[in-house]
Amino acid sequence: MSKNTPKAIRGTQDIFGADAEDFAFVVETFERVRRLFRFRRIEMPVFEKTEVFARSLGETTDVVSKEMYSFEDRGGDSLTLRPEFTAGIARAFLTNGWQQHAPLKVATHGPLFRYERPQKGRYRQFHQIDAEIIGAAEPQADVELLCMADQLLKELGIKGVTLHLNTLGDGSSREAWRAALVDYFSAVKGDLSEDSQERLEKNPLRILDSKDRRDKPFLADAPKIDDFLSDEARAFFKAVTDGLDAAGVKWKRAEALVRGLDYYRHTAFEFIPDEGSAAADALGSQSTILGGGRYDGLMESLGGPATPAVGWAAGIERLAMLVGEREEAGPAIAIVPEVDDDFGLATLLSAALRRQALNTEVFATGSARKRFGKAMKALPAVFIIINRQKVVNSEYFEILTKPNDRRGALHEVLRDEILDGIRTVFTERLKVSSMNMPYGSIIQLKPEEVLVLTK
RNA sequence: GCGAUCGUAGCUCAGUUGGUUAGAGCGCCGGCUUGUGGUGCCGGAGGUCGGGGGUUCGAGACCCCUCGAUCGCCCCA
């Protein structure tokens, strides 16, 4: 590589091969589960006016104050690449009059941008799947959303992950709790870590999940949200947990679980790998794989009517790390024309087979030997080798259908389907009633038959 | 924004206390062998050792800066 070749931007990734398969598997599974739960697909712009994020997330949050990709466009407007989905969806809900569809269940996925230090499972351009229920104040909405998340993780085959659940109460409960925490921690401020002293000013709730040893002694006796919950908030949370129990979704109360962004109320949750699990190992310090909560305050911060809503998002890269290696599957059929003159016949066959919904790849570069070697490496279920033979004065073609023994067991079931497909192509084209074609059979075609085939 | 480790061919890595034309395996290209084929053998292309500066008779190795990667902290999915 020349030193003049531009490099990828820090924190971005080019995804290829097995990793790309993992990524696609996550997205495809999400799409399937989304339909099962009847969430409607939406597409959102990748950038918005900066104020969309500044007003909804809160000016003082780290995301807004130092992690946004903001720029001025040619018209002088301040725009920002979306650092999350929720704010943009809320904006769309308000500007498009989607109130008429409320309660509205929507889902989307795509890239997000945050100027952060890259590390394991964390990038500057990263990707999330996202689900939201807007305009539903009932705890049933929280339950349905969590059921969907739970089923998604199960269908992805991710094990050793637990739903950690908490309530932040309604607006007034949350404020009372926050004030009590500030009082409590201010009294011992000098003994707290520097980080937590700062959090005391900016985000006191966050002190609760501090990892610093100096903070730990004070955490157990800190004020609990449960002592500040209004009767309504308590009833709401109970309805959520009862619903989860009814649906068979396992959960664990996590009193220290809070949300960083200002707009959250009531339910807050994260799916976190169990300690010592393979999932925890694979993720390093990026422990949360799916997180969200209720954000009843958001719409008002954007100047809209009070609108209750609840949602979650999950990092696709993180999920992809947990779904296990998905190899790129080999082709069903590999076609190897031994000489270039037979490339036309190979093209004809591949086109016909693809129309039969059989994925097919043609190997036609290098010597016959190399062609076969490359076809081997692609691990097809079946080979079709086109071999031109000369016998005395006439020329004929041999078409050899050969199952791949190397991965025989894997393709056992597939083979019959594949050979059926090949048989169909030949019998239809040659207008013969049937064609015997067991594994390893050789079909000899005269030039005039090839002519019929290629017509 | 802070800290630690690292950066040699397309990939995975060797490269001894600084000492001649920087190596291997895999991959790629070509040839031979074999001849219903996945093997073996031979050959070839491909590196200003991330970039810049410095120390030295001499730097891939040492020092500084910078860029990037990885893993933590903060924050967060």
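Side chains included, hydrogens not; waters and symmetry mates left out as well; all remaining heavy atoms used. By convention in this document, chain letters (A, B, ...) are assigned in the order of the sequence lines, proteins followed by strands, and residues within each chain are numbered from 1.
For the pair A/Ala368 and A/Glu270, both in contact range of RNA chain B, the more 5′-proximal nearest nucleotide belongs to A/Ala368. Both A/Asp62 and A/Glu338 sit near RNA chain B, but only A/Glu338 has its closest nucleotide nearer the 5' end.
The distance from atom OH of A/Tyr264 to atom P of B/C76 is 10 Å, rounded to the nearest whole Å. Rounded to an integer number of Å, the gap from CD of A/Gln125 to P of B/A77 is 18 Å. In this entry the distance linking CZ of A/Arg114 with P of B/C74 reads 16 Å, nearest Å. Taking atom CZ on A/Arg10 and atom C1' on B/C71, their separation rounds to 13 Å, with Å as the unit.
Remark: A/Asp340 pairs with A/Arg371 by the salt bridge (Lys or Arg N to Asp or Glu O under 4.0 Å) rule, at least two apart or across chains. Taking A/Thr162 as the reference, A/Asp274 meet the side-chain hydrogen bond (donor to acceptor under 3.5 Å, both in side chains) condition, with sequence neighbours excluded. In terms of the salt bridge (Lys or Arg N to Asp or Glu O under 4.0 Å) criterion, A/Glu300 has no residue partners (sequence neighbours excluded). Applying the ring pair (Phe, Tyr, Trp, His ring centres under 6.0 Å) rule to A/His109 yields no partners; only residues at least two apart in sequence or on another chain are considered. Contacts of A/Glu132 classified as salt bridge (Lys or Arg N to Asp or Glu O under 4.0 Å), with partners at least two apart in sequence or in another chain: none. For A/Glu155, the salt bridge (Lys or Arg N to Asp or Glu O under 4.0 Å) partners at least two apart in sequence or on another chain are A/Arg32. By the side-chain hydrogen bond (donor to acceptor under 3.5 Å, both in side chains) test, A/Thr29 is found to be paired with no residue, residues two or more places apart in sequence or in another chain being considered.
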Would you tabulate the pairs of protein nitrogen or oxygen atoms and nucleotide nitrogen or oxygen atoms of nucleotides 42-46 of chain B closer than 3.5 angstrom?
none

Under 3.5 Å, which protein N or O atoms sit close to an N or O of nucleotides 1-3 of chain B? Give each pair with its distance.
unit_1, atom_1, unit_2, atom_2, d
B/C2, N4, A/Arg117, NH1, 2.5
B/G3, O6, A/Arg117, NH2, 3.4

Between the protein and nucleotides 27-33 of chain B, which nitrogen or oxygen pairs come in under 3.5 angstrom?
unit_1, atom_1, unit_2, atom_2, d
B/C29, OP1, A/Lys374, NZ, 3.2

Exercise for review: Both distances under 3.5 Å, Watson-Crick or G-U wobble: on that basis, could you give the dot-bracket string for RNA chain B, with [ ] for crossing pairs and | for other-strand partners?
Suggested key: (((((((..((((.....[...)))).(((((.......))))).....(((((..]....))))))))))))....
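Separating the C1' atom of B/C11 from that of B/G47 is a span of 14 Å, rounded to the nearest Å.
Contact check, A/Lys211 against B/C73: a side-chain N or O comes under 4.0 Å of OP1 or OP2. In terms of phosphate contacts, A/Arg371 brings no side-chain nitrogen or oxygen within less than 4.0 Å of OP1 or OP2 of B/G37.
Judged by distance alone, with hydrogens and angles left aside, the side-chain atoms of A/Gln197 form a donor-acceptor pair with the main-chain N or O of A/Leu192 at under 3.5 Å.
Of the listed nucleotides (B/U70, B/C74, B/A77), B/U70 has the atom at the smallest distance from the side chain of A/Pro118.
Pairs engaging residues 289-298 of chain A under the salt bridge (charged side-chain N to carboxylate O under 4.0 Å, His left out) rule: A/Asp142-A/Arg294, A/Arg294-A/Asp296 [sequence neighbours left out].
Taking the ring axis of A/Phe126 as reference, the NZ or CZ atom of A/Arg114 does not stay both within 45° of it and closer than 6.0 Å to the ring centre.
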